[in-house]
Amino acid sequence: MSRDSSISSLVWAGVLLLLAACVPLVANGYWMSIALTIAMFTVLTTSWALFSGPTHYISLATAAFFGVGGYLVGTGMSDFGMGFWPMVAIAPLVGAVLAFLIGIATLRLSGVYFVIFTLGLAEMIRTLVSWIQNNFTGSRGLYVLTDLSEADIYIYLVILAAAVYFVGWWVNRSRLGFALRIIGNDETVARHVGINTAMSKVILFTFSGFVAALVGALIAPRYTYIEPNGVFSPELSFIVVIMALLGGTGRLWGPIVGVIPFALLQEYINANYSNYSTLVLGIAFLVIVYFLPSGVVGRIEQALARKGRSTW
Amino acid sequence: MDIIITGLLLGGTYALIAFGLNLQYGVARIMNLANGEFLVLGALAAFWIFVADAISPILTMLVVAPLAFFGNWVIYTVLLRPLVRRAKTQGHLEVDSILATFGMSFALVGIMVSIHGEYFTYSYLAEPFEIMGETFALNRIIAFCFALLIGGLLWLWLYFTRPGMAMRAVSVSTEASGLVGINVPKMSALAFALGGAVTTMGGTLISTFITLDASVGVIFTMKALIIIIMGGVGDIRGAIVAALILGLVETMVARLIDPGLTLAAAYAIFVLILLFRPQGLFGRRPS
């Protein structure tokens, strides 16, 4: 863990992000679209893992926050005549407030309650939003028309990824990160040494809600047409969990190791065998639980440790 | 009045499903998130056999129950027992079993979609039936009666037989029941299999009056979980009351406000319970 928080790892991350920012210079339409998907999931999984990695709380609320972000941009621009950027500023704040309230209500309790609550959250918000739309605002579809290209959105997401990495790096060094690691190891011990366990968890959960809503808002122009059923798709939450756990949540950069291969796999399955995408998600979960309990990164580190080298 | 009776009828079936999950979570300590998929499997079997041979879903249930029992037994012994052995703490097992059963749930949905991707629609006993001057669908009443029958038999078994007593002992404490000579692994597998069978029978019953499709299982898993948490884990009396409350509230919201808001209503109950009585309706606060 301490190696994650060194200055050199920050420099490395900076170099990699600069390289990532150069992708639009070489990628064409199809690959640009895949790069955008990868960037989106990188931000989502990394911020997810910041909270769920150390605490072992499995949050399935990503789709809810993401949907809130996308929907707010859509409704703001179509129903209330707002500009794109003001809505991008408002959306993450709403996401953060929502996450804070959910955190306060559920994080004092055991993990199962939290999983169950977040599981249906996106579904509940979706039904509420559809109900409000049908009865009050009238319009069913929402248009997000901007002159942003996919490459523009991609760059914003890479900048956001950089910000999330920096926060993660800083949290790992801080007292908050230390507290979270103790909570993850043994919550009772954490409470007895005087850590405000609920507050520490709520802070990070709020941050992940903030980021997910921001991603949802930023990526809204990509879809042009926003529909509650689309942006609140619960599948997104599961994909984020799979990607993060596949890579491994023990390291800040672990999730991205899972994001790239799984995003490519999904792209391939959806293009060729779209009927089997649910089955693939199921198998991915089982593979993680039975063969990669600490992710690919964890496996590699185990293998290196067995060889007696611990350079990483 | 109409709303109250419809709500109670629906609640009775919910109680049966929650009973199944309660056995799996309370005794076998597995939070089975694939539970709803077994419910849908029961419904799919009923639909299939009814459409092919016009055989009553009630008869189908007799065939489906042992199959589901066997299937769940295999799942527990092959897939879940290694996780139980591997887990160092209860929390660790919880995370592992949640992820594993999510995997099973998705895999089952994937398989069912490829078998039958559309709605399971059939019409069984959709005849009017009169209670106190108002009419109700006969299939709902039949489903309620069978739910009552199955639940009642299970209750008798749990409270008046030796294996039933052993099972209740395991749900109180796995360690202590091991010390007094109860075969805990065997009891856990039995509870898990029994829970799966009960849920599947519930699915067969529900399919007589609600149209399901392959991907709807997760909604029922959530309802069952909300009921269990509301009633208190392992508390049968609490689960029945909670199921009836959920059935009533859902029916009320659907009739009086908007059918689209039933899930939101179930959630509102859940949040209230989490905030004010996280130990369940009749549970005591852990000291």
Side-chain angles (χ1 to χ4, degrees), chain A residues 52 55-58 60 101-102 104-117 119-121 123-135 184-188 234-235 237-238 241-242 245 273-290 292-293, chain B residues 25 31 33-34 37 79-80 82-83 86 89-92 94-114 117 214-215 218-219 221-226 228-229 233 257-268 270-276 278-279:
Chain A
S52 295
T55 58
H56 303 299
Y57 273 70
I58 299 165
L60 293 167
L101 293 176
I102 296 163
I104 292 279
T106 54
L107 283 172
R108 290 175 299 125
L109 304 161
S110 99
V112 181
Y113 295 79
F114 181 73
V115 176
I116 297 152
F117 188 79
L119 167 63
L121 188 69
E123 193 64 18
M124 181 193 65
I125 297 180
R126 186 182 64 78
T127 54
L128 277 178
V129 162
S130 312
W131 182 67
I132 291 171
Q133 267 194 334
N134 288 341
N135 292 290
N185 283 331
D186 193 327
E187 192 156 343
T188 319
E235 215 183 62
S237 308
F238 289 103
V241 175
I242 290 176
L245 295 177
Y273 309 98
S274 60
N275 287 342
Y276 293 100
S277 57
T278 320
L279 191 58
V280 169
L281 285 186
I283 293 169
F285 264 118
L286 293 174
V287 165
I288 290 168
V289 175
Y290 292 101
L292 294 166
Chain B
Y25 186 51
M31 175 46 84
L33 296 170
E37 272 61 44
L79 288 172
L80 296 172
L83 297 182
R86 181 172 96 184
T89 61
Q90 180 62 30
H92 194 179
E94 217 152 64
V95 173
D96 269 354
S97 60
I98 284 171
L99 292 176
T101 53
F102 261 137
M104 290 170 207
S105 140
F106 276 111
L108 283 172
V109 170
I111 293 167
M112 283 190 288
V113 167
S114 62
S215 59
V218 66
I219 302 276
T221 310
M222 250 160 37
K223 284 180 182 169
L225 288 169
I226 291 175
I228 290 181
I229 289 166
V233 176
I257 308 177
D258 189 307
L261 286 182
T262 48
L263 191 71
Y267 251 71
F270 188 34
V271 174
L272 290 177
I273 289 290
L274 283 186
L275 288 177
F276 299 109
Q279 72 274 35

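Below, chains carry the letters A, B, ... as their sequence lines are ordered, and counting in each starts from 1.
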All side-chain contact (heavy atoms from CB on, under 4.5 Å) counterparts of B:S114, not counting sequence neighbours: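 If we apply the side-chain contact (heavy atoms from CB on, under 4.5 Å) test to B:S114, skipping adjacent residues, there are no hits.
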Given heavy-atom pairs under 4.5 angstrom as the criterion, report whether the side chain, backbone, both or neither of B:M31 touches chain A.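 Answer is side chain: those atoms of B:M31 sit under 4.5 Å from chain A.
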Top of [options] for chain A proximity - count of heavy-atom pairs under 4.5 angstrom:
{"options": "B:I98, B:L263, B:I219, B:L261", "value": "B:L261"}
{"options": "B:A264, B:A266, B:S105", "value": "B:A264"}
{"options": "B:L79, B:T101, B:V218, B:L33", "value": "B:L79"}

Checking [X] against chain B: side chain, backbone, both or neither under 4.5 Å from a heavy atom?
{"X": "A:I116", "answer": "both"}
{"X": "A:I104", "answer": "neither"}
{"X": "A:L60", "answer": "side chain"}
{"X": "A:Y57", "answer": "neither"}

Partner chain B: residue of A:G282, A:P234, A:S277 with the largest heavy-atom pair count (under 4.5 Å):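 Among the listed options, the one with the most contacts to chain B is A:G282.
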Please report the interatomic distance [atom1]([X]) to [atom2]([Y]), rounded to the nearest 0.5 Å.
{"X": "A:Y113", "Y": "B:I226", "atom1": "OH", "atom2": "CD1", "value": "12.5 Å"}
{"X": "A:F117", "Y": "B:L225", "atom1": "CZ", "atom2": "CG", "value": "13.5 Å"}
{"X": "B:L99", "Y": "A:L245", "atom1": "CG", "atom2": "CG", "value": "6.0 Å"}

Could you tell me which non-hydrogen atom of A:H56 sits nearest to which non-hydrogen atom of B:V95, and how far apart they are?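 Taking every non-hydrogen atom into account, O-CG2, 3.7 Å.
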Are the side chains of A:L279 and B:V113 in contact, using a 4.5 Å heavy-atom criterion?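 Answer no - side chains too far apart.
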Do A:Y290 and B:L83 come within less than 4.5 Å of each other through their side chains, counting heavy atoms only?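 Of all side-chain heavy-atom pairs linking B:L83 with A:Y290, at least one is under 4.5 Å.
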Which pairs count as salt bridge (Lys or Arg N to Asp or Glu O under 4.0 Å) when at least one residue sits in residues 95-109 of chain B, sequence neighbours excluded?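 Listed once each, the pairs are B:R86-B:D96.
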B:F102 and side-chain contact (heavy atoms from CB on, under 4.5 Å): which partner among A:L119, A:I242, A:V289, A:V241?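 When A:L119, A:I242, A:V289, A:V241 are each tested with B:F102, the side-chain contact (heavy atoms from CB on, under 4.5 Å) holds only for A:L119.
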